[in-house]
Amino acid sequence: MLVRNQIADLVIAALQAAQAAGDLPPFDLPPIEIGRPKDARHGDYASSVAMQSAKLARMAPLAIAEAVARHMPAAAAIAAVEVLPPGFINFRLADDWLTGLIPQIEADATSYGNVDLGHGHTCQVEFISANPTGPLHMGSARNAVLGDSVARVLEAAGWVVQREYYLNDAGTQMRTFAETLWRRYRRAHGQDAPLEAHHYQGTYMVDLAQRVAAEHGDRFLHADEEAAIAALSQIGLDLVMEWIRAAADKLRIHFDCWFSEKSLYEDGTFDRVMTSLRGANRTTVRDGAEWLLTSEYGADRDEVLVRSSGQPGYYASDVAYHYNKFVLRGFDRVVDIWAVDHQNQARRMPYLMQALGLDPQRLDILLYDMVRLYRDGKEVKLSKRSGDIITIDEVVDEVGADAVRFLLLTRSNQTVIDFDLNLAVQQNDENPVFYVQYAHARMASILRTAAERGFEHASWANGDLALLGHPSEMTLLRKIAELPEIVEKAAIQLAPHNLAFYAQELAAVFHAFYRDCRVLSSDPADTELSRARLRLVAATKAVFATVLGLLGVTAPESM
RNA sequence: GCCCCCAUAGCUCAAAGGAUAGAGCAUCUGCCUUCUAAGCAGGUGGUUGCAGGUUCGAGUCCUGCUGGGGGUACCA
């Protein structure tokens, strides 16, 4: 249980005890929220319940706070309870509780920081899912990094997570792609096959066509045009998927499942959903199209499932796909990571859930804002239709996966990111990711040097933690104690940037500890202290590795 | 037109309705014969876009403006 929640329970117990003793009048308790004071002098946690209760109790906040503090039950984690004007109740963590975190981390470093929000329920995180019609551009990098980190955070928060890439291999985009490839292929063989405006203009299509021509020769030139386009569609898709996999790989992202949109239509899922919706009278035919009656659930309009042409619309795919996720595959929860230009689509998703008879709460659509790329002070367009595409590979090769991941994860989801390519490259030394990694490398270095000087792990594993007590040591431990709360917050808000900022804070307090507290001393009198500090350093290093792991950033042993 | 998001230090961004709004970069001043100076300490820098409102308390919530981005198809 998080200390914060323990403290909330203490406050409730104290309020009730005070009421029972007649020190406070009876009133319904407001929701008890325990905050983190910004100023260290105000302790580690604070409750503002006295201010919130002043009106209910018809008493001065300060008097309420004092009454509550008087009845506060003792707790091992809490060393002191203080009341300060205008009525804050402040809590200070006990030193031995803080040093007690070290054996906890030593016992199971990988689970320290984990919380249990998910209770082992399943959660699918679906992300990237870019149209497989070209290489991944930098807009997808944000999606990729955010989705992967959210997946990692949810795992740490007690969910069993499955990572999925939704392959939009059906529909008009795919058709356009195949037609473009067909024309580029013919041109590769010297035929006259001009592109039309709606075709993909990017030069990667030329590369693709040349690869196809190299591998398959001219055999499609002699086939029926539609058959050729169909064949090229599949061949091109496979090649593009190679690119996409490679780009994801570069960002250290691995999917458990690559799910084909086309399969929804080929394996009968779509038909089953339609039958079920019609049976429940949730569709109607109007203007030659078949509509899902989403207005019955409060939407401002109905949505087309089957167009008058007989072709299913994209909303039909959403319906069938989420039916597959929840009903056929049985995920307890699904998180879809979408760019903000899908906001309108996102708004419609709860209606879809209701139409399927599912609890909309089980589906989260995480919208993140755009990435704008700049080079030489000018915006570079990402569009697949322009020739100038900035791919993930290009940027990762230039800047490195760690820098790209950290940079994209150091902003909250709803901010527009202006990514300056020149700056990203030259900023190598100034990038905050190096600051954080440097702290980890420094710890590794201390442990290495310790071993060289005779402090093998076994020689300090039982160091006396009671010797810790220097303010910088305790500040470091306090920051370590925050991790579970940060993980919880990141999981609830689906916002990994909390971890990126936490990592920088942890690095800062570690560097302060490094300055103030010499771990390895030449004075034999300090040996016992060194042993205790080595335990602290090793535990901190493990926490760093955990945090960096949640961000998908490597934790280097040396730099 | 209507809907959504954003506006915080010179720049890039944080800040679960709480106490004196914080980091990094940039800039200025100091600190390496001892565990990594990719570091540390300190200085400069703010009417949180504007105007109201709710609240004991507002950067945060509500209303109206201004400016920027996105969205408003039988396209995905």
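Side-chain atoms are counted along with the backbone in the values below, which use heavy atoms only and exclude waters and symmetry mates. So that the names make sense, note that chain A is the first sequence line, chain B the second, and so on, each numbered from 1.
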message: Can you identify which nucleotide, out of B:rA14, B:rG39, B:rC74, has its nearest atom closest to the A:Y435 side chain?
response: B:rG39
task: Assign A:R301 to base, sugar-phosphate, or nothing according to its heavy-atom contacts below 4.0 angstrom with the strands shown.
output: sugar-phosphate
message: Does A:Q414 reach a base, just sugar-phosphate, or nothing at all? Heavy atoms under 4.0 Å.
response: sugar-phosphate
query: Syn or anti: how is B:rC32 classified when any glycosidic angle within 90° of 0 counts as syn?
result: syn
task: Find which nucleotide of RNA chain B each of A:A507 and A:V304 is nearest to by heavy atoms, and output the residue with the more 5' nucleotide.
output: A:A507
message: Nearest whole Å is fine: how far is B:rA23 P from A:K479 NZ?
response: 11 Å
- prompt: So, do A:Y438 and B:rG39 meet the stacking rule of ring centres under 5.5 Å and planes under 30°?
  reply: no
- request: Scan A:E452 against the nucleic acid and name what it touches under 4.0 Å (heavy atoms): base, sugar-phosphate only, or nothing.
  value: nothing
- prompt: Using 4.0 Å as the upper bound for N to carboxylate O, is an ion pair formed by A:E290 and A:R278?
  reply: yes
query: Can you check the A:N344 CG to B:rC75 C1' distance for me, whole Å?
result: 13 Å
query: Nearest of B:rA76, B:rC5, B:rA38 to any side-chain atom of A:D369?
result: B:rC5
- prompt: Does A:T415 make a side-chain N or O approach to OP1 or OP2 of B:rA14 shorter than 4.0 Å?
  reply: yes
- request: Give A:S445 one of three labels, base, sugar-phosphate or nothing, depending on what nucleic acid heavy atoms sit under 4.0 Å from its own.
  value: base
- prompt: Using the P atom in both, what is the distance from B:rG46 to B:rA9, to the nearest Å?
  reply: 10 Å
task: Round to a whole Å and report the spacing from OH of A:Y315 to P of B:rA76.
output: 14 Å
- prompt: Quick one: is the NZ or CZ of A:R442 closer than 6.0 Å to the six-membered ring centre of A:Y514, and within 45° of its axis?
  reply: yes
message: Work out how far the P atom of B:rG49 is from that of B:rA14, and round it to whole angstrom.
response: 14 Å
- prompt: Whole-Å distance between B:rU72 P and A:L367 CG?
  reply: 13 Å
message: Within the 4.0 Å heavy-atom criterion, would you say A:V340 contacts the bases, only the backbone, or no part of the nucleic acid?
response: sugar-phosphate
- request: Assign A:R515 to base, sugar-phosphate, or nothing according to its heavy-atom contacts below 4.0 angstrom with the strands shown.
  value: sugar-phosphate
field: Aro-ring/base stack A:H42-B:rA19, d under 5.5 Å, angle under 30°
entry: yes
Give me, pair by pair, the N or O atoms of the protein and of nucleotides 56-61 of chain B that are less than 3.5 Å apart, along with how far apart they are.
| from | atom 1 | to | atom 2 | distance (Å) |
| --- | --- | --- | --- | --- |
| B:rC56 | OP1 | A:K55 | NZ | 2.3 |

field: Nearest-neighbour nucleotide for the A:M559 side chain, B:rC35, B:rA38, B:rG18 considered
entry: B:rA38
message: Could you tell me how far B:rA73 sits from B:rA51 if I compare only their P atoms? Round to whole Å.
response: 37 Å
- request: Could you summarise the pairing of RNA chain B as dot-bracket text, marking Watson-Crick and G-U pairs under 3.5 Å with ( ) or [ ] inside the strand and | across strands?
  value: (((((((..((((....[...)))).(((((.......))))).....(((((..]....))))))))))))....
field: Between P of B:rG71 and CZ of A:R348, the distance in whole Å
entry: 13 Å
- prompt: Quick one: A:L506 CG to B:rA23 C1', roughly how many Å, whole number?
  reply: 15 Å
Under-3.5 Å N/O pairs linking protein and nucleotides 29-31 of chain B:
none

- prompt: If you check every side-chain atom of A:Y514, which of B:rA76, B:rA37, B:rG39 has the closest atom?
  reply: B:rA37
field: Separation of atom CZ in A:R518 from atom P in B:rG39, rounded to whole Å
entry: 19 Å
query: Does A:R442 have a side-chain nitrogen or oxygen under 4.0 Å from the phosphate oxygens OP1 or OP2 of B:rA37?
result: yes
- request: Quote, to the nearest angstrom, the P distance that separates B:rG59 from B:rA16.
  value: 13 Å
query: A:T449 side chain: which of B:rA76, B:rC35, B:rC13 is closest?
result: B:rC35
message: Is there, by distance only and without an angle test, a donor paired with an acceptor across the side chain of A:Q343 and the base of B:rG70 below 3.5 Å?
response: yes
- prompt: So what does A:L305 hit on the nucleic acid, given a heavy-atom distance under 4.0 Å: a base, only sugar-phosphate, or nothing?
  reply: nothing
- prompt: Going by an N to O cut-off under 4.0 Å, is there a salt bridge joining A:K325 and A:E164?
  reply: no
- prompt: Between A:E557 and A:K541, is there a side-chain N and carboxylate O pair less than 4.0 Å apart?
  reply: yes
- request: Specify the residue among A:D287 and A:E557 whose closest nucleotide of RNA chain B lies further upstream toward the 5′ end.
  value: A:E557
message: In whole Å, I'd like the distance from the CZ atom of A:F501 to the C1' atom of B:rC25.
response: 13 Å
task: Describe the nucleic acid contact of A:S317 in one word from base, sugar-phosphate, nothing, applying a heavy-atom distance below 4.0 Å.
output: nothing
task: Just call it for A:H511: base, sugar-phosphate, or nothing, with non-hydrogen atoms closer than 4.0 Å on any strand.
output: sugar-phosphate
query: If you measure from the Lys or Arg side-chain nitrogens to the Asp or Glu carboxylate oxygens, is any gap between A:R142 and A:D369 under 4.0 Å?
result: no
message: Classify A:A512 by what it touches in the nucleic acid, base, sugar-phosphate, or nothing, heavy-atom distance under 4.0 Å.
response: nothing
- prompt: Which part of the nucleic acid, if any, lies within reach of A:S521 when heavy atoms closer than 4.0 Å are counted: base, sugar-phosphate only, or nothing?
  reply: nothing
message: Classify A:A54 by what it touches in the nucleic acid, base, sugar-phosphate, or nothing, heavy-atom distance under 4.0 Å.
response: nothing
statement: Looking only at B:rC35, B:rC74, B:rA16, the nucleotide nearest the A:A289 side chain is B:rC74
Cationic N near anionic O, under 4.0 Å, A:R448 to A:E452: no
